[in-house]
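Counting starts at 1 for both ligands and their atoms, following the listed order.
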Amino acid sequence: KKWVYTFGNGAAEGRAGDVAILGGKGANLAEMASLGLPVPPGLTIITDACALYHKNGRDLPEELKLQVMAGLHGMETVTGKTFGGSQSPLLLSVRSGARASMPGMMDTVLNLGLNDRTVEALGHDAGDARFAWDSYRRFIQMYADVVMGLDHELFEEILEDEKGRLGHEYDTDMSAVEWQHVVSLYKKLIEDELGEAFPQDCHVQLWGAIGAVFASWTNHRAVTYRHLHNIPGDWGTAVNVQAMVFGNLGSSSATGVAFTRNPSTGEAELYGEFLVNAQGEDVVAGIRTPQSITEAARLASGSDKPSMEKLMPEAFSEFLAICKRLENHYRDMQDLEFTIERGKLWMLQTRSGKRTTRAAMKIAVDMVEAGTISQEEAVCRIEPSSLDQLLHPTIDPGISRPVIGSGLPASPGAATGEIVFTSEEAVAAEAEGRRVILVRIETSPEDIHGMHAAEGILTTRGGMTSHAAVVARGMGIPCVTGAGSMRVDMRNKVLIGVGCMLKRGDIITIDGSSGRVLKGEVPMTQPELSGDFGKLMVWADNLRRMTVRTNADTPADARAARAFGAEGIGLCRTEHMFFEGDRIHVMREMILAESERGRRAALDELLPMQRSDFTELFQIMHGLPVTIRLLDPPLHEFLPKTDGEIVEVAAAMGMPQTVFRQRLDALHEFNPMLGHRGCRLAISYPEIAEMQARAIFEAAVEAARITGAPVVPEIMVPLVGLRSELDYVTEVIDRVAAAVAQETGMEIEYLTGTMIELPRAALRAHVIAEAAEFFSFGTNDLTQTTFGISRDDAARFINTYQRKGIIERDPFISLDFDGVGELIRIAAERGRQTRPELKLGICGEHGGDPASIHFCEDADLDYVSCSPFRVPIARLAAAQATL
Ligand code: PEP
Ligand code: MG
């Protein structure tokens, strides 16, 4: 079996398309090498080896080892250096590279191949002993941490002590001899702590590092990251072993990271940062604040540190040409890593760059307009759920507040919250429903839990490509990094800003679009959804087959949904209207009435309220379809619960408390979600359905008169399991329709249909369709009744199920294709057998979930209906589902 793919010197065994076996990094290194770009030679061990490594008790097959040795030999030939050689030693980097990018989650070892012998040779070759010893101590520190499991803090302590003892402020003040001494201290530390020596044999080092990278696939933070990003655990990582190039060989050396376009705004301008005389990880780690690559960016930032364009003009122009070439080649914005070793440019990585949604939109639209990609491709390049990012509020432009600090606009949107200083605090606060801003000097992969829990992130160190910035953009969380004018005092848990000192729990606002930090809460405005967004949505709308409706109960919801492009209402839950203002009192009177007469009296009061609600909804929807569902929830939901409320309501209704309590007890149910609800209410109390039907028809007549647009209400009966249930309620509706038509002299067109929320209804769909003109899959209840898992109690254990691998996704969020989905397919098929023109839609929460929308497309539904803010997501997902 071919375990190892080599690359370098203008050739490669792999290609960009081999991501599944070579991982993203390996596949793109191969592609760059074949394009003839300057890539240090190397080899990639395929992702399959990762699973094998874990299965074989952390060992690798002999065949693989031989292939690595052969590849290594090739690297020696290309570089003219020898691995472990006493002259011209070849040093290696060993890095992970999975199919999907998992920034910083897995381990890396640099400068591998150094030992007491080769360090001398390296110093001789480079003409710089100081560099060699510095590299050696870095290597020991990294190797001990990653391979031997010794905390790197212990090494930092030794270094700090030594610097203190020598009176040095910076690492750069250290001399060769001083580094050499640090190396001896490091080696001693390892022996003392682990009882074994730091390995001098370079091959032992190499296999140790390769094993550690495979092992890091299952470390805690990688597992968490995969969980958050739905990356399958069985993919495994590849390992890339590559000849080292050095960005820390003096002032003509540098290392950097760049995007071919601005990853925040999508502007077509090279955007990046570099550090002179530094090694790769220094930029990403955010330890030093880096310099701009282009002069334009330097000027814009007002920095006085020179740009790469000015400092290293030759390397810069070569780099610029490579950027253009790679972007054209991949037809997408690229994220690049490079190193300049004594003036010579080397490319270390290229991949499709992570970007904000706003940038993704702009880049996609620009590329369509430049003829680079098609409209279909553009539509496919936007992750539907990421549209959420665009819905982030921004700080009201008219507001002036004291700015207490400012940093880099690392991830757009504004956020307000209480200050917390640790990820644990952020997670705990979120669990209590508090909104927090995570404030750190810098973040590390260990913080992803806390970052996820926070509304926003503020760091005082690091650039646009620091860990905090990259991760926040990916998560769509507002973030400000490198707020150098502010200081975090972790010991005393305070944030010191301009003219103020804030403690944990104090409120701040960050603006990830401008980089400002403000004290207290600040008024915000909602973003405009036009421009690129509008164009992309038009393209998506042209592609999609399904209609997108909204679940809206109030005029405000309906208006918001229209603005987001909803093409009708798929579900109006009428019960929500009974909670508005004083209506709840009348509703309670109705429920607690002891006779039909009492109920009718209360219903007479409710009628005009419902009618005016429906009239308004019909007007807003202006001829678009509106589906109104009859009363669904168990009645006790409307009743008072606490003693205080009970006393108050009883008094207001003029009922003796004992009688009142008896009525309450009579309405008590052991399992209300499976109890007296849905169409069962309409069958017990047809007068309720009568009132609602009347309100709907009268409103339809009125709205049609006002707007001149015909209104065709769709009346939906909930929780039907039997055809006879639907027949009974439909008969009530038809009777009222006839009455209203006669009273108003206006013939009303309408549809009656049912929700499919019970397995029985799905299975008997061919029979139910005889009585229904449409089906709407209520997948919240259908999931509940199919799994037999209470939708209100699932949260207590679904997380545990996911963590233990019992289920992959929460079926209440993303449709269970195999079970619930099967019922939907059966119902759709059987229903259409009876009635080919049967309209089919979905109105559970799944109607706004991209994966579930894909399913609906495949099941040939006519529409999806979702909450207003998810309408744009559904429009995009429905378009992608057709491609
Ligand atoms: C459903 O059950 O999926 C549904 C839309 O109805 P509700 O959530 O109101 O029960
Ligand atoms: Mg339901």
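- Each of the atoms 1 (C), 2 (O), 3 (O) of ligand 1 lies under 4.0 Å from some heavy atom of Gly778.
- Short contacts between ligand 1 and Asp632, defined as distances under 4.0 Å to a heavy atom of the residue, involve ligand atoms 10 (O).
- A donor and an acceptor atom, one from each side chain of His846 and Ser814, are nowhere located under 3.5 Å apart.
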Please assess Arg549 against Thr627 for the test side chain to side chain donor-acceptor pair (under 3.5 Å), listing each intermediate value before the final yes or no.
CA-CA 10 Å; Arg549 299 197 196 177; Thr627 307; 2.9 Å; yes
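- In terms of heavy atoms, Phe564 sits closest to Val871 at O-CG1, 3.2 Å.
- Between His622 atom NE2 and Leu617 atom CG the span is 14.5 Å, to the nearest 0.5 Å.
- Atoms of ligand 1 lying under 4.0 Å from any heavy atom of Asp781, numbered from 1 in the order shown and given with element: 1 (C), 2 (O), 3 (O), 10 (O).
- When heavy-atom distances to ligand 1 are checked against a 4.0 Å cut-off, Arg791 comes that close only through its side chain, counted from C-beta outward.
- Residue contact check: Cys843 has heavy atoms under 4.0 Å from atoms 5 (C) of ligand 1.
- Heavy atoms of Thr779 found under 4.0 angstrom from ligand 1 belong exclusively to the backbone.
- Using cut-offs of 30° and 60° for the angle between ring planes, the Phe614 and Phe618 rings count as tilted.
- No salt bridge links Arg544 with Glu857; every basic N to acidic carboxylate O contact stays at or beyond 4.0 Å.
- Met755 counts as a contact of ligand 1, since one of its heavy atoms falls under 4.0 Å from the ligand.
- Those atoms of ligand 1 with a heavy atom of Arg573 less than 4.0 angstrom away are 4 (C), 5 (C), 6 (O), 7 (P), 8 (O), 9 (O).
- At a heavy-atom distance under 4.0 Å, no atom of Gln784 approaches ligand 1.
- If you look at His846 next to ligand 1, there are no close heavy atoms at all, none under 4.0 Å.
- Protein heavy atom in closest approach to atom 6 (O) of ligand 1: Arg629 NH1, 2.9 Å.
- Distances from ligand 1 to the non-hydrogen atoms of Glu845 include no value under 4.0 Å.
- In summary, an N, O or S atom of Glu757 is located under 2.8 Å from the Mg ion (ligand 2).
- Looking at Leu571 against ligand 1, only its side chain comes within 4.0 Å, counting heavy atoms.
- Residue Gln692 is tested with Leu606, Leu607, Leu631, Ile733 for a side-chain contact (heavy atoms from CB on, under 4.5 Å); the sole match is Leu631.
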